[in-house]
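Here's the structure, in structure tokens; my notes come after.
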Number of protein chains: 2
Amino acid sequence: MATIQEVAKYAGVSVATVSRVINTPDKVKKQTLFKVQNAIRELNYEPSVLGRSLRTSRSGLLLVLLPSVSNPFYAQIINGIQDKAIASGYNILLCETDSDPDREVIFFNMIKNKLADGIISMDPTVNKESLIELSNKYPIVQCSEYAKDNTLSYVTIDSKRAAYQAVKHLIKLGHKKIGLINFDKKFLYASERYSGYEKALKEFDLKVKDEWIYNTKYLNFESGQQAMRVLLNQTDRPTAVFAVSDVLAVGALKELHINQLKVPEEMALFGFDNIEISNVVYPPLTTVAQPMYDLGAISAQMLMSKIKGEEVESRVLDHQLIIRETT
Amino acid sequence: MATIQEVAKYAGVSVATVSRVINTPDKVKKQTLFKVQNAIRELNYEPSVLGRSLRTSRSGLLLVLLPSVSNPFYAQIINGIQDKAIASGYNILLCETDSDPDREVIFFNMIKNKLADGIISMDPTVNKESLIELSNKYPIVQCSEYAKDNTLSYVTIDSKRAAYQAVKHLIKLGHKKIGLINFDKKFLYASERYSGYEKALKEFDLKVKDEWIYNTKYLNFESGQQAMRVLLNQTDRPTAVFAVSDVLAVGALKELHINQLKVPEEMALFGFDNIEISNVVYPPLTTVAQPMYDLGAISAQMLMSKIKGEEVESRVLDHQLIIRETT
DNA sequence: TTATCAAAAGTAATCGATTACATTTTTTTG
DNA sequence: CAAAAAAATGTAATCGATTACTTTTGATAA
């Protein structure tokens, strides 16, 4: 790669002039402009992001932290982020953290080092204090997962209410024995969806039986399947199950197929997220639709506002129950 | 963030000494070492990646270019890459390109600018010449998708042979009318799998009917479903379909459910990739297993060897037919 | 005590850009 | 046409690190 000095030499001007041609072309005489642009073309020059951002503290890069790329839930959020970011001249870099705080630190350092201009985090909040501290100095927006604090910005949905509505829907259908397939409670959504589940049951005087609740360790089909297997093995088994994620629900559905149970007649199933696959499995899964694209798009816009130094307000977006054929 | 100068001042030494404490601690006197380390701790100092890589041309970052994060196929490859990269002190950044050459250029520039040390590309090769040129200057490894050239490195499978075997399997089961759901031919795997399909049919004197071949525009469930819809609408419809990707196959399977066709009795279906979901749908999908984790892991190791300046040799890994219940 | 030499620390150039300020060139104006 | 003002360009400091080279310190030996 040619450097700015080489271009300057080739064009017979100073580096400052070359820099001006790139950043403020109207400040240089047409004749010079042409000469320099020609040199740039000839030498195939591209400004070094490294040199530039060392000086300007601007990289044009946004970091997106996510626990795992394998969950299709994130794919659509990323689309939303990407569209808005690109439209504003930013590029995004996806950082898979496996929800490991050590790995997260590496990416946090990228923003401290000005390698990135802002962060959208979908990671669970392990250490609220350090997140607040970081957020005071650098533009950070939480998406989907969040820690509530008036200095922290987030875009999310009301998980508790959504879960409450889902379980209430099952109750209205006549179910009295409702199981729960949940995920690691370090994720806020997991504990909130639990609360919603609990609230609905209590409201209708149904008991919350520990045996009907299974917390998975991983978020994949396999875990959902295993959870359903455990639930089915009870002597007094539930007649309906609410899974806090479609991925788990789809796994659970597979176990129902294996056991040749009719869905929803012998076992009803309610998922969460409305990922693409929920409508492809058979029978199509009843679920809670999160506005994933908007979650991403709004996070991105919020982040870019923050980068500009504007004040932003956290948002709780609407969800929607999608009643299909598993209930 | 504190800078190296601040640490130097605080510790009462020169910046060079601070740098030595970080990079070659055995070259500084114990007493000084302690003093500086203390200053580093007190000021919470972390070296700036920006300043450092401007000087050393080393960032510790690997770029992974992929067309789209929503295809679960990539998720497992990424796991393989990530494990090996982390083990060697590298971090990876995922770059979604939407197979758009303009977007790709942005990420290629990151390596030219020394923001990254190497690239693993899973993008289709749009411009072979410029890829070769880039690859001569910078460490680049192609994974899964590739352009064949002795200066370019790749890790992949033999798509043509795999497709050939899959279709042959269908033929052995007695199928004479075999359809193909393919993807955009700009992807090498799409055209190779087509060749394999063609070869198998010709070998058994079966005709290749254009009406039985559908090329989808996108790689998602919806497209697979639509493809199957078109195939089913023929007066003389195929009795078996080979889809070049599980994502398409799963979409196709949904259409079969809608039309209440028995699988595999009334329509057999063969997928490709063995992504997690292929074993979760009902009935479980017969497919070709790619060694995705290994594809990623080997690509990463190959890339890191290249970065060290070592010679590497391209690899073609083994695939495997996974016969489940849709054939 | 002093010469010799290794170890430790410092000085300053460098990577590739941007930009405040200084200087030169061009245009405007009385 | 000279002076003033505006426009164009150049000079050099700067961002935050590394490192070749130089200088200082201190240990060892004669």
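Order of the sequence lines sets the chain letters (A, B, ...), proteins ahead of strands, with each chain counted from 1. These figures come from a predicted structure and were not determined experimentally.
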Exercise. Could you go step by step and tell me if B:Asp117 and B:Tyr138 meet the side-chain hydrogen bond (donor to acceptor under 3.5 Å, both in side chains) rule?
Worked result: CA-CA 8 Å; B:Asp117 297 341; B:Tyr138 308 97; over 6 Å; no

For this session: Just call it for B:Ser19: base, sugar-phosphate, or nothing, with non-hydrogen atoms closer than 4.0 Å on any strand.
Result: base

Exercise. How is B:Glu46 classified with respect to the nucleic acid when contacts are heavy atoms under 4.0 Å: base, sugar-phosphate, or nothing?
Worked result: sugar-phosphate

For this session: Report the distance from atom CD1 of B:Ile4 to atom P of D:dT18, rounded to the nearest whole Å.
Result: 5 Å

Exercise. Side chains of B:Asp149 and B:Thr151: do they bring a donor and an acceptor to under 3.5 Å?
Worked result: yes

For this session: Find the distance A:Lys35:NZ to D:dG10:C1' and express it as a whole number of Å.
Result: 13 Å

For this session: Count the heavy atoms of every other residue, nucleotide or ligand shown that sit under 6.0 Å from CZ of A:Arg315, and state whether that count exceeds 12.
Result: no

For this session: For A:Glu6, report the nucleic acid contact type (base, sugar-phosphate, nothing); a contact means any heavy atom under 4.0 Å.
Result: nothing

Problem set entry | For atom CD of A:Gln5 and atom P of D:dA12, their distance in whole Å | 15 Å

Check: protein-nucleotides 23-27 of chain D nitrogen or oxygen pairs below 3.5 Å:
none

Problem set entry | Donor-acceptor under 3.5 Å (A:Ser48 side chain, A:Gly51 main chain) | yes

For this session: Tell me what A:Asn23 touches on the nucleic acid: a base, only sugar-phosphate, or nothing, going by heavy atoms under 4.0 Å.
Result: sugar-phosphate

Problem set entry | Any donor-acceptor N or O pair under 3.5 Å, side chains B:Thr97, B:Ser99 | no

Exercise. How bent is the helix from C:dT1-D:dA30 to C:dG30-D:dC1, comparing axes over its five end pairs at each side, to the nearest 10°?
Worked result: 50°

Problem set entry | Any A:Ser14 side-chain nitrogen or oxygen under 4.0 Å from OP1 or OP2 of D:dG10 | yes

For this session: Round to the nearest Å and state the distance from B:Asp26 atom CG to C:dA8 atom P.
Result: 9 Å

Problem set entry | Between P of D:dA6 and NZ of A:Lys27, the distance in whole Å | 15 Å

Seminar exercise, completed: Atom CZ of A:Arg20 and atom P of C:dA22 are separated, to the nearest Å, by 14 Å

For this session: Could you tell me the separation between the CD1 atom of B:Ile22 and the C1' atom of C:dA9, rounded to a whole number of Å?
Result: 16 Å

Exercise. Looking across every strand, which nucleic acid part, if any, lies under 4.0 Å from B:Val13 by heavy atom: base, sugar-phosphate, or nothing?
Worked result: sugar-phosphate

Problem set entry | Strand contacts (DNA chain D) in residues 53-61 of chain A, 4.0 angstrom heavy-atom criterion | A:Leu54, A:Arg55

Exercise. Can you name the one residue among A:Ile120, A:Val155, A:Ile298 that meets side chain to side chain contact (heavy atoms under 4.5 Å, CB included) with A:Leu303?
Worked result: A:Ile120

